Asks: 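Here it is: the structure, laid out below.
Values in this document were obtained by computation on a predicted structure and should not be read as measured data. All values below were derived from every heavy atom in this structure, side-chain atoms included, with hydrogens, water molecules and symmetry-related copies excluded.
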Amino acid sequence: MGGLLLSTVGSLIASRNRQRGIPFWPSMGWSMLYGAAGSLIVVLAMGQSLTLPGAPSWWLSLIYLALAGSVMTFACYLTLLDRVGPGPAGAIGVMTPLLALVVSMTWEGYHPDLFTCIGAAMAVAGNALILHRAAPVVKKT
């Protein structure tokens, strides 16, 4: 729940920053730096060590995830947020786990149980309700 709350607050702050004309890339860079610093503080507060692996494959995957999984993904999401607003852009948070389920079922042989299917149906229904725009009320004279 904490991650969801922080994600929501971050989206609203990003939306506000765009409305105020704060430059996109520097704002995103500073936000990512704050997020990394916050993660470091949590790691240190929990007494965890900061030993980094030496394997080249680990560093290559880190670089890939940093660029494709963070910088480009957040740039796309923040552009969507700017174009459609925080409510509709929030649908990504619902649809991403559903896409992950489909990928797992397709390539990993995952077989969802009844509760997973009910949860997925509830997520889709909730998303549809939030994104549904009420038809305008026509007054009869």
Side-chain angles (χ1 to χ4, degrees), residues 1-140:
M1 282 189 57
L4 179 62
L5 178 64
L6 289 174
S7 174
T8 301
V9 169
S11 292
L12 292 173
I13 289 171
S15 183
R16 184 202 65 195
N17 287 347
R18 295 286 284 197
Q19 289 173 352
R20 291 183 177 176
I22 295 173
F24 179 77
W25 290 104
S27 173
M28 189 173 79
W30 281 106
S31 298
M32 289 184 162
L33 184 63
Y34 292 145
S39 296
L40 178 63
I41 290 169
V42 169
V43 166
L44 295 176
M46 294 177 68
Q48 301 292 321
S49 65
L50 291 176
T51 347
L52 299 175
S57 60
W58 187 89
W59 287 100
L60 287 173
S61 62
L62 176 68
I63 290 168
Y64 168 76
L65 287 173
L67 294 177
S70 292
V71 174
M72 295 309 298
T73 302
F74 277 114
C76 291
Y77 174 73
L78 294 174
T79 301
L80 179 68
L81 181 70
D82 188 42
R83 290 183 182 171
V84 301
I92 299 249
V94 174
M95 300 314 283
T96 300
L98 297 178
L99 178 61
L101 280 173
V102 170
V103 168
S104 291
M105 289 186 301
T106 304
W107 284 291
E108 297 174 344
Y110 174 69
H111 299 287
D113 59 15
L114 178 63
F115 289 113
T116 302
C117 294
I118 291 170
M122 290 174 65
V124 170
N127 212 26
L129 284 173
I130 287 177
L131 295 176
H132 175 71
R133 298 189 186 231
V137 177
V138 178
K139 293 182 181 181
K140 294 182 180 180

Asks: Can you find a heavy atom in the side chain of Arg18 that is under 4.5 Å from one in the side chain of Leu81?
Replies: no
Asks: Are Leu12 and Val9 close enough that some pair of their side-chain heavy atoms sits under 4.5 Å apart?
Replies: no
Asks: Is the shortest heavy-atom distance from the side chain of Leu67 to the side chain of Met72 under 4.5 Å?
Replies: no
Asks: Could you state the interatomic distance from CE (Met32) to OG (Ser39), rounded to the nearest 0.5 Å?
Replies: 12.0 Å
Asks: Working to the nearest 0.5 angstrom, can you tell me the gap between Thr79 OG1 and Phe74 CZ?
Replies: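 Here the interatomic distance stands at 12.5 Å.
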Asks: Working to the nearest 0.5 Å, report the span between CZ of Arg20 and OG of Ser15.
Replies: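 Reported to 0.5 Å precision, the distance equals 11.0 Å.
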Asks: Does Trp59 reach the main-chain N or O of Pro53 with its side chain, forming a donor-acceptor pair under 3.5 Å?
Replies: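 A pair under 3.5 Å: yes.
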Asks: Using a 4.5 Å cut-off on heavy atoms from C-beta on, say whether the side chain of Trp30 contacts that of Asn17.
Replies: no
Asks: Would you call Gln48 and Leu44 a side-chain contact if the rule is heavy atoms closer than 4.5 Å?
Replies: no
Asks: Within this structure, what is the CZ-CD1 distance for the pair Arg16 and Ile22, rounded to the nearest 0.5 Å?
Replies: 6.5 Å
Asks: Using the side chain to side chain contact (heavy atoms under 4.5 Å, CB included) rule, take Trp58 and Leu62 through it: C-alpha gap first, then chi angles, then the decisive distance, then the call.
Replies: CA-CA 6 Å; Trp58 187 89; Leu62 176 68; 3.8 Å; yes
Asks: Checking side-chain polar atoms at under 3.5 Å, does Asp113 have a donor or acceptor matched by the opposite partner on Thr116?
Replies: yes
Asks: Find the distance between SG (Cys117) and CE (Met122) and round it off to the nearest 0.5 Å.
Replies: 13.0 Å
